[in-house]
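In each ligand, atom 1 is the first atom listed, and ligand 1 is the first ligand listed.
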Amino acid sequence: MAHSSFEHSNHGRPILVFGRDGQVGRSLQFCLRESGVPTVFLSRADCDLSCELSINQILNHYQPQVIINAAAYTAVDKAEAERDLAFAINAKAPELMARYIAKVDNGTLVHYSTDYVFADTKQEPYLESDRVGPVEYLNVYGQSKLAGELAIERLFNTSDDFNRASITDKFARYFILRTSWIYGDGGNFIRTMLRLASERDQLKVVANQVGVPTSAQWLAEVSVHMVRSRIESGIYHAVPDGEVSWHGLAVFAIERAVSYGMRMEVKPENILPILASDYPAPANRPHNSRFDNQKLKKALSDMAFTGQYPYWREQVENYVKQLVKESQSN
Ligand SMILES: NC(=O)c1ccc[n+]([C@@H]2O[C@H](COP(=O)([O-])OP(=O)(O)OC[C@H]3O[C@@H](n4cnc5c(N)ncnc54)[C@H](OP(=O)(O)O)[C@@H]3O)[C@@H](O)[C@H]2O)c1
């Protein structure tokens, strides 16, 4: 494996992880616990990302070499009514993190973004080079996440300190990992479907929105590997292979749970496909959330990331198996 710029020159500066208690944050705790690298995990109580002063104080206090920002305002529907708060957390906070890291020799910022920066401008999987937006068709959450992406890229590509550091080969890097449909240790679609399937004899699930379910654990492992490798800065579409609709995902997860012995009220034929327009919500969501992951795949294979690149089905199957096991031991 390529040696990390981090391990070569961290001078005792820690990795700082924001969003300790979120799905990705919890998986990062699991990945980094045994790494031997000094790491500080911050909750909302430790640092409120809607408060610039609090962020700057934390950065000055810890002087991190690496920031992994797993925190975000993720309440997609609520964001429609809380635009300023969503922008403070999803756009201003990552901008401050980027401003800090761009000046750190061998510094790295890992930030997560979303399929919601695209608004159904194509039917095929989106490439990193595809045009985002149009902004007026994005929901507020998507707009705020896009503003975060643009702020990071602007900071890294125009900062004097960053340009000076590039010349000395100690340049700071950033990774914006666009991902989708995350499941892990926390509330998510798969957990909700399994709970509802055990309570109700009929479910109606949206069938005309298609995306890629992504394991928080896998995403955390990829993130740590990218920090440790010499992968180039930029945006990466970080999802497993394959695609499925919400309805297809619900059917698959419920069938797998039944096969592992979970008792369900609903029969497969009573999991009914519906249109997104039959299930109105405050925030608009895209129909096409497919991502092309070739750029990430190539970067990881160049950096000797272990194991085969995953397909979403195997990872969801393992997750469901784990959930059933946990429910049986309670
Ligand atoms: N979930 C998805 O399907 C999905 C899809 C695409 C992209 N993403 C992106 O992936 C990343 C991780 O998502 P996730 O599913 O792990 O999110 P999550 O489970 O909702 O966790 C978000 C974390 O952010 C923290 N947070 C929220 N407001 C904060 C504030 N003002 N100050 C400090 N911390 C704050 C939350 O703290 P509390 O624990 O105190 O609430 C929580 O720990 C995010 O950038 C998200 O936008 C997620």
Side-chain angles (χ1 to χ4, degrees), residues 16-31 40-59 67-79 82 84-94 96-97 109-118 126 138-149 151-152 175-193 209 211-220 222-223 235-240 244 246 249 283 285-286 289-291 293 312 315-316 319:
L16 207 57
V17 178
F18 291 94
R20 183 189 77 184
D21 300 319
Q23 294 194 90
V24 175
R26 283 172 194 264
S27 295
L28 285 164
Q29 289 188 52
F30 188 78
C31 281
V40 179
F41 294 93
L42 298 169
S43 69
R44 189 196 295 251
D46 299 318
C47 179
D48 180 354
L49 292 186
S50 65
C51 171
E52 286 186 37
L53 181 63
S54 169
I55 299 168
N56 286 329
Q57 280 174 344
I58 283 284
L59 296 178
I67 296 176
I68 306 182
N69 179 28
Y73 183 107
T74 54
V76 176
D77 287 319
K78 221 169 142 198
E82 292 192 335
D84 289 350
L85 186 58
F87 269 76
I89 297 168
N90 292 346
K92 189 68 193 176
L96 297 177
M97 296 175 200
L109 171 64
V110 180
H111 177 75
Y112 302 96
S113 192
T114 169
D115 46 311
Y116 289 4
V117 300
F118 292 110
Y126 289 102
L138 303 178
N139 58 41
V140 169
Y141 167 77
Q143 289 179 19
S144 69
K145 294 295 288 185
L146 176 57
E149 287 189 5
I152 293 171
F175 300 121
I176 296 172
L177 304 184
R178 286 194 191 131
T179 188
S180 64
W181 298 19
I182 292 178
Y183 57 91
D185 185 358
N188 59 62
F189 175 83
I190 296 175
R191 277 182 197 266
T192 304
M193 285 301 119
Q209 290 172 346
V212 195
T214 303
S215 149
Q217 191 55 38
W218 174 79
L219 187 62
V222 166
S223 309
I235 296 179
Y236 290 84
H237 289 173
V239 293
V244 67
W246 290 119
L249 177 57
R285 285 155 171 84
S289 288
R290 298 170 179 91
F291 274 140
N293 57 18
W312 70 265
Q315 292 198 326
V316 170
Y319 179 70

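Among protein heavy atoms, the minimum distance from atom 36 (C) of ligand 1 is reached at R44 NH2, 4.0 Å. Shortest contact from atom 47 (O) of ligand 1 to any protein heavy atom: Y141 OH, 2.7 Å. Closest to atom 33 (C) of ligand 1, if we only count protein heavy atoms, is C47 O, 3.3 Å. Looking only at protein heavy atoms, the nearest one to atom 19 (O) of ligand 1 is Q23 N, 3.0 Å. Nearest protein neighbour of atom 21 (O) of ligand 1, counting heavy atoms only, is G22 CA, 3.3 Å. Nearest protein heavy-atom contact of atom 7 (C) of ligand 1 is S113 O, 3.2 Å. Summary of contacts: the protein heavy atom closest to atom 16 (O) of ligand 1 is V24 N, 2.9 Å. When only non-hydrogen protein atoms are considered, atom 45 (O) of ligand 1 lies nearest to K145 NZ, 2.7 Å.
Not counting sequence neighbours, D48 has no partner by the salt bridge (charged side-chain N to carboxylate O under 4.0 Å, His left out) test.
With rounding to the nearest 0.5 angstrom, the OH atom of Y112 is 14.0 Å from the OG1 atom of T74.
With a 4.0 Å heavy-atom cut-off, ligand 1 is reached by the side chain of I89 but not by its N, CA, C or O. Using a 4.0 Å cut-off between heavy atoms, S43 makes no contact with ligand 1 at all. If you look at W181 next to ligand 1, the close heavy atoms, those under 4.0 Å, all belong to the backbone. Neither the backbone nor the side chain of A45 comes within contact range of ligand 1; no heavy atom lies under 4.0 Å.
Remark: the backbone N or O of Y73 is paired with a side-chain donor or acceptor of N90 at under 3.5 angstrom. Side chain of N56 to main chain of L53: no donor-acceptor pair is present (N/O by atom type, distance under 3.5 Å, no hydrogens or angles). Between the side chain of N293 and the backbone N or O of P240 there is at least one donor-acceptor pair closer than 3.5 Å. Judged by distance alone, with hydrogens and angles left aside, the side-chain atoms of T179 form a donor-acceptor pair with the main-chain N or O of A238 at under 3.5 Å. Using a distance-only test at 3.5 Å, with no hydrogens or angles considered, a donor-acceptor pair links the side chain of S180 to the main chain of V212. Put simply, the side chain of Q29 gets close to the backbone of R20: a donor and an acceptor are under 3.5 Å apart. When atom types are taken as modelled, the side chain of R178 and the backbone of T114 share no donor-acceptor pair closer than 3.5 angstrom.
Relative ring orientation between F189 and W246 is described as tilted, the plane-to-plane angle lying within the 30° to 60° band.
By heavy-atom distance, the residue among A71, G211, G142 lying nearest atom 35 (C) of ligand 1 is A71. Of the listed options A86, A72, P213, A72 places a heavy atom closest to atom 44 (C) of ligand 1. If you check each of N69, I182, L49, V239 against atom 32 (N) of ligand 1, the one with the closest non-hydrogen atom is L49.
Residue contacts with ligand 1: G184 is excluded, as none of its non-hydrogen atoms falls under 4.0 Å.
Considering Q143, K92, E82 in turn, Q143 is the only one that fulfils the side chain to side chain contact (heavy atoms under 4.5 Å, CB included) rule with F87.
Taking the charged nitrogens against the carboxylate oxygens, R285 and D77 do have a contact shorter than 4.0 Å, which makes a salt bridge.
Checking only distances, D48 does come within under 3.5 Å of ligand 1, N or O to N or O. For the pair T74 and ligand 1, the shortest N or O to N or O distance falls below 3.5 Å.
Per-residue contacts place A70 under 4.0 angstrom from the following atoms of ligand 1 (heavy atoms of the residue considered): 12 (C). Within ligand 1, counting atoms from 1 as listed, the ones closer than 4.0 Å to a heavy atom of T179 are 6 (C), 7 (C).
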